[in-house]
2 protein chains.
Amino acid sequence: MPPRHDLPILGQDVRERSDAARNREALLSAAQELVDRCGVEAVTMDAVAASAGVGKGTVFRRFRSRAGLMAALLDQFEADWQAQVISGPPPLGPGAPPLERLLAFGRSRLEQNLRGAALIRAALDGAMTRNYAVYSFAATHLRYLLDELEVAGDIALLATDLMAPLEVVILQQQIEIEGMSVERIAAGWEDLALRIIARRRT
Amino acid sequence: MPPRHDLPILGQDVRERSDAARNREALLSAAQELVDRCGVEAVTMDAVAASAGVGKGTVFRRFRSRAGLMAALLDQFEADWQAQVISGPPPLGPGAPPLERLLAFGRSRLEQNLRGAALIRAALDGAMTRNYAVYSFAATHLRYLLDELEVAGDIALLATDLMAPLEVVILQQQIEIEGMSVERIAAGWEDLALRIIARRRT
DNA sequence: AATGAAAACGGACCACGGTCCGTTTAGCCG
DNA sequence: CGGCTAAACGGACCGTGGTCCGTTTTCATT
């Protein structure tokens, strides 16, 4: 019988070896610990490796790069928020009318981005593109809301238009350099949202 | 007579020593040369220093960091565009009605950001905040146009809302990952602009 | 011209991200 | 259980960004 050449079928999850899984866990919690205790800047690949008791090469095999590791931490950080959107109380969660959900989305996303600012920037740092998974959830939800509101136009682009001003780089410039208050920015986002959804279908 | 302690008065330009000026020139053109011949990634601080015939420390004194050097190159890159806005032909330059200038601004800015993408990302890389000078010109002009159009609301924030979707990180995601065409994005920007300026003062 | 002090210079040095490759281990199969 | 293969491991190694400090240069003042 010829040797088998199982090319991994797309979507079929490739079993992770037990030691690999164990190390992934150890690395993630070591990294999280470092973030909590000393801040994002202190998260050195050597430090994480040492703290998790594995070699440096292992860290890079698992996460590709420092940005990749940060993205993994970011995924964990976002899990709560995503849960609140999917099944939390209104108006952020389901149950409220779409417009209220939209406004709650904006406010909440603004705060979430500010909370995770350091992590988000670190996850973007040398990466050619941002972690798509994290971004994708919010964008999809936003498109859904715009559709519910029967907004006319290119929904995908309008969703981007609403997410873009909440980008961390922009928020930090507004707050730290131009001295704007978070309240003002939040109010501005609501205004933008209203202008965008003013044009309806039908 | 006691030694003089001239604290530099703000706004009074501190004379640059002749050797310093010479080296700045040499460094900038060496860096530009490297960008042109080998791309942004090839611009190593050592390479620039060697190519300009100065020590590495000098590069860092002048530009603080790699991001700072890139920002300086970006300033040069933007000079042409700024000139076109200030005194070029309409509709980008003065002379056309504000709405036409606004639409020309969006299209032109979109293309400019794509052209300078690599430089812009490199200039943002490890920096705590983006190069303010470059950003500031475009933002100021945009606020002026919105004001001319008698747009109601928080003009500064609305200007940001219009600049944000043109951010390189976002454009690259749309084009390279989501596969959108530049044409579609440009059309989407016009649509956004029209929605935003729909609410007028008076 | 001499002089003195502030500013600029240069390159050795360090820390961190990322790679490479020889070694070890998990897990399947006979 | 023994053996085999693919995967995972680890840490030496490299390149690059950034700092530091002893040396050199500029230039204002006399």
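Note that this is a predicted model, so its numbers are computed, not measured. The sequence lines fix the lettering, A, B, ..., with proteins before strands; numbering per chain opens at 1.
One finds a salt bridge joining B:Glu78 and B:Arg109 here, because a Lys/Arg side-chain nitrogen approaches an Asp/Glu carboxylate oxygen to under 4.0 Å. Using a 4.0 Å cut-off between a side-chain N of Lys or Arg and a carboxylate O of Asp or Glu, B:Arg184 and A:Asp154 qualify as a salt bridge. We find that B:Glu183 and B:Arg107 are joined by a salt bridge, their nearest charged nitrogen and carboxylate oxygen being less than 4.0 Å apart. Between B:Arg143 and B:Asp147 there is no salt bridge, since none of the side-chain N atoms of the basic residue sits less than 4.0 Å from a carboxylate O of the acidic one. Look at B:Arg130 and B:Glu167 and you find a salt bridge, because one of the NZ, NE, NH1 or NH2 atoms lies within 4.0 Å of a carboxylate O, short of that distance.
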- Its contact letters, B for base, S for sugar-phosphate only and - for none at protein heavy atoms under 4.0 Å, make nucleotides 14-26 of chain D read --SBBB-----BB

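At whole-Å resolution of the value, CZ in A:Arg62 and P in C:dG18 are 17 Å apart. B:Glu16 places its CD atom 11 Å from the P atom of D:dC27, with the value rounded to the nearest Å. When the C1' atom of D:dC9 is taken as reference, atom CG of A:Leu27 falls 12 Å away, rounded to whole Å.
For A:Ala20, whose side chain is taken as the heavy atoms from C-beta onward, the closest listed nucleotide among D:dG10, C:dA8, D:dC9 is D:dC9.
Sequence neighbours left out, the pairs with a member in residues 81-95 of chain A that pass side chain to side chain donor-acceptor pair (under 3.5 Å) are A:Trp81-A:Ser108.
Listed pair B:Asn23 / C:dA8 fails the phosphate criterion, with no side-chain N or O lying under 4.0 Å from OP1 or OP2. For the pair B:Thr58 and C:dA8, the criterion of a side-chain N or O lying under 4.0 Å from OP1 or OP2 is not met.
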